[in-house]
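Small disclaimer: the values here were computed from a predicted structure and weren't measured. Letters A, B, ... mirror the listed sequences (proteins, then strands); counts begin at 1.
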Amino acid sequence: MAPALLLFAIFVVVPVVQAARFSVFRWNGLGPMENFVGLQNYVMALSDQIFQRSVTNNLTIAILSIAIQLPIGLLVALLLNRKFPGQTAMRVIVFVPYVLAEVVAGVIWKLLLQPQGGVNAFLETIGLDSFAKAWVGDPSVALWTVMGVLTWKYLGLAIVLLLAGLQGVPEELHEAASIDGASWWQSQRKITIPLLGPTIRTWAFLSMIGSLQLFDMVWILTRGGPDNATTTMATYLIRQGTERSQYGYASAVAIILFVISFILAGLFQAFVLNRDAGDDKPKQRRKKVSR
Amino acid sequence: MTSVVAPPSRGSRAAARSGSHGRRSVSPWVYVASVLVAGVTLAPVVYAVLSGFRSNGQLGANPVGLPNPWIFDNYIGVLTSGSFWQYAVNSVIIAVFTTTLVVVAGVMAAYPLARYRFKGRQALFNVFVMGLMFPLTVAIIPLFLMVRQLGLTNTFAGVALPQAAFALPMTIVILRPFLMALPNELEEAAMLDGASRIGFFWRILVPLSGPGMVTTGVLAFVGSWNGYLLPLLFLNDPGLKTLPLGVADFSTEHSADTAGVLAFTSLAVIPALVFFLTMQKRIVSGLQGAVKG
């Protein structure tokens, strides 16, 4: 017990508490911390346009991650859930990007996405030259590019978790539905997807929290640029902290990041996850199918 | 069984047409989708590996297509430079250090939390669960200063200790149900045979909870192996850099040498892929367990 508590207290609890303490000082990390400024750092952060941009970016990424990955992930998981030769190999393949280090995947993508890189060359080869662009250099598309790479990296996690959830959906339901004349898609939509509800909600929760803390991939691909188009709270925080040594200010940003995650997690818990307790929707839908 | 279930109307018709060969009734769309998904998933990695066999001239003249002729200089250069190996060894040391620490501390904490009733047990458990809510980024500034004060900057411990601490909550959350599931009779029998609590812990509980410890160990290892933020801030000494850090630095230092960077990066993919393929089931079941928990 003791080693774990010690480790946890020293390297998790103390730093988090310290972050809260630093956040009310103006401090460059050297010398005594005596320039107490109250909530000034918070006010400064919240009124800084670049920080506002980073919050917007984080929220956009959180929403788009779910909106993009859920439909694709569901479709692929439903397809892979059927027995066919090569099914096992496919299950391994879709998960490969998730296992690669973000940095390693990020460097590969960065080179692919250069103006002279593989993506543009590929577009030219298949005759879509007009779509070629400076993927990470153009402020108007950079965030979308990051979204695309994130989708590639994390779709496998969604698929693997959804496949696990599908194991809990009994075969008999589909047999009954197909005897009643339901098509494959009907029985997926009316039976399987509703029964996947808890898995989907848990995955969405993880995805949301992950999106808010995004750092590695963005740092490698764009460093938050161009023109702050892809800055996230985490890249903003690291910039302020390590490059400009504004430790008090960076800590205020860290606390805001934590508070935003905490509030969103709480809202998610209250409005979405709570449905899992006593949810009888699937039953009602099942009746509809058998009608 | 499943071939009977859920025949999609279009798919079954297609299968019926070509069905005289005794094929299963799998819609061709499954294959189309599979090829598409596999292609998009693997293309960047395959591209990186193949491009490592080209010269920069080749890459510039024709960025897609197979290497012609195949050039081995990039890979040979990386493999003989020494820095790649140095980074890989550093990553292994840090990952093993982190994993050992997490699993040993984790099981020692999960054991009483799972099997003893004592005051504040639930509260203690909740403290660790709360830890899941604290992202590394929130703590990183104070951690950075603390590691500097402790004189742990540019040491493996400076990276491994915080990594282990942040991996603890997940480890305990996954391990606790494992330890709870072991029947009480085992413990009673061991006590009757004269084993102490510590003896029971080491000689019966630890071996029996092996699968759980392997799963959490694998997750901690992968997390440490892939970690970037902590090494980025805590390791400046080129001789101590980890593989992700090395890849990132190499790519900025040799930004003009695209083929060389792709060769370096491709080699960095290999250990992760080999580890994943051998430990695939553990990694997946660990993540699924984490979601259920």
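Not less than 6.0 angstrom separates the ring centroid of A:Phe11 from the ring centroid of B:Phe166. Taking the centre of each ring, A:Phe25 and A:Phe22 stay at or above the 6.0 Å mark.
Contact annotation for A:Phe205: neither backbone nor side-chain heavy atoms come within less than 4.5 Å of a heavy atom of chain B. Looking at B:Leu136, there are no atoms closer than 4.5 Å to chain A (heavy atoms on both sides), in backbone or side chain. Both the backbone and the side chain of A:Leu100 come within contact range of chain B, each with at least one heavy atom under 4.5 Å from a heavy atom of that chain. Heavy atoms closer than 4.5 Å to chain B are found nowhere in A:Glu124, neither backbone nor side chain. Contact annotation for A:Val107: only side-chain heavy atoms (C-beta onward) come within less than 4.5 Å of a heavy atom of chain B. Neither the backbone nor the side chain of B:Phe275 comes within less than 4.5 Å of any heavy atom of chain A. Contact annotation for B:Leu232: only side-chain heavy atoms (C-beta onward) come within less than 4.5 Å of a heavy atom of chain A. The parts of B:Leu143 that come within reach of chain A are both its backbone and its side chain, each placing non-hydrogen atoms under 4.5 angstrom from that chain. Interface residue A:Leu157: only side-chain heavy atoms are found under 4.5 Å from chain B. Using a 4.5 Å cut-off between heavy atoms, B:Phe250 makes no contact with chain A at all. Only the side chain of A:Leu80 comes within contact range of chain B, with at least one heavy atom under 4.5 Å from a heavy atom of that chain. For a residue to count as touching a neighbouring chain, one of its non-hydrogen atoms must lie under 4.5 Å from one of that chain's; by this rule B:Leu59 does not touch chain A. With a 4.5 Å cut-off on non-hydrogen atoms, A:Ile93 touches chain B through its backbone and its side chain both. For A:Tyr247, the parts lying near chain B are the backbone and the side chain together; criterion is any non-hydrogen pair under 4.5 Å. Of the two parts of B:Leu36, neither the backbone nor the side chain holds a non-hydrogen atom closer than 4.5 Å to a non-hydrogen atom of chain A. In this structure, chain B has no heavy atom under 4.5 Å from any part of A:Ala105. For a residue to count as touching a neighbouring chain, one of its non-hydrogen atoms must lie under 4.5 Å from one of that chain's; by this rule A:Ile179 does not touch chain B. Using a 4.5 Å cut-off between heavy atoms, A:Val99 contacts chain B through both its backbone and its side chain. With a threshold of 4.5 angstrom between heavy atoms, B:Thr265 approaches chain A through its backbone and through its side chain. At a 4.5 Å heavy-atom cutoff, the contact between B:Leu161 and chain A is made by backbone and side-chain atoms alike. Using a 4.5 Å cut-off between heavy atoms, B:Val102 does not touch chain A at all.
For the residue pair A:Gln186/A:Arg189, the side-chain donor-acceptor check at 3.5 Å is not satisfied. In the model, B:Gln163 has a side-chain atom that pairs as donor or acceptor with a side-chain atom of B:Thr98 under 3.5 Å.
Judged by the 6.0 Å distance and 45° axis criteria, B:Arg176 is positioned over the aromatic ring of B:Phe125.
Taking each heavy atom of A:Phe8 and B:Gly131 in turn, the nearest pair found is CZ-CA, 3.7 Å.
When each of A:Leu162, A:Leu155, A:Leu161 is checked for a side chain to side chain contact (heavy atoms under 4.5 Å, CB included) with A:Ile159, only A:Leu155 meets the rule. Screening B:Val37, B:Val35, B:Val30 for a side chain to side chain contact (heavy atoms under 4.5 Å, CB included) involving A:Met90 leaves a single residue, B:Val37.
The candidate with the highest count of non-hydrogen atom pairs below 4.5 Å against chain A, out of B:Ala272, B:Pro135, B:Ser51, is B:Pro135. With respect to chain B, the highest number of heavy-atom pairs below 4.5 Å among A:Leu78, A:Leu163, A:Val104, A:Leu79 belongs to A:Val104. Most heavy-atom pairs under 4.5 Å with chain B, from the set A:Ala19, A:Ala250, A:Ala234: that is A:Ala19. The candidate from A:Gln18, A:Met233, A:Gln213, A:Lys110 with the greatest count of non-hydrogen atom pairs under 4.5 Å with chain B is A:Gln213.
A:Tyr249 and A:Tyr236 have perpendicular rings, their planes meeting at more than 60° on a 0 to 90° scale where under 30° would count as parallel.
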Chi angles and distances behind the ring pair (Phe, Tyr, Trp, His ring centres under 6.0 Å) call for B:Tyr47, A:Phe122: CA-CA 11 Å; B:Tyr47 179 85; A:Phe122 176 73; 9.7 Å; no
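Taking CD1 of A:Ile238 as the reference point, atom CZ of A:Arg244 lies at 14.0 Å (rounded to 0.5 Å). The CD1 atom of A:Ile209 lies 7.5 Å from the CG atom of A:Leu264; values are rounded to the nearest 0.5 Å.
A donor-acceptor pair under 3.5 Å links the side-chain atoms of B:Arg121 to the main chain of B:Tyr116, judged by distance alone.
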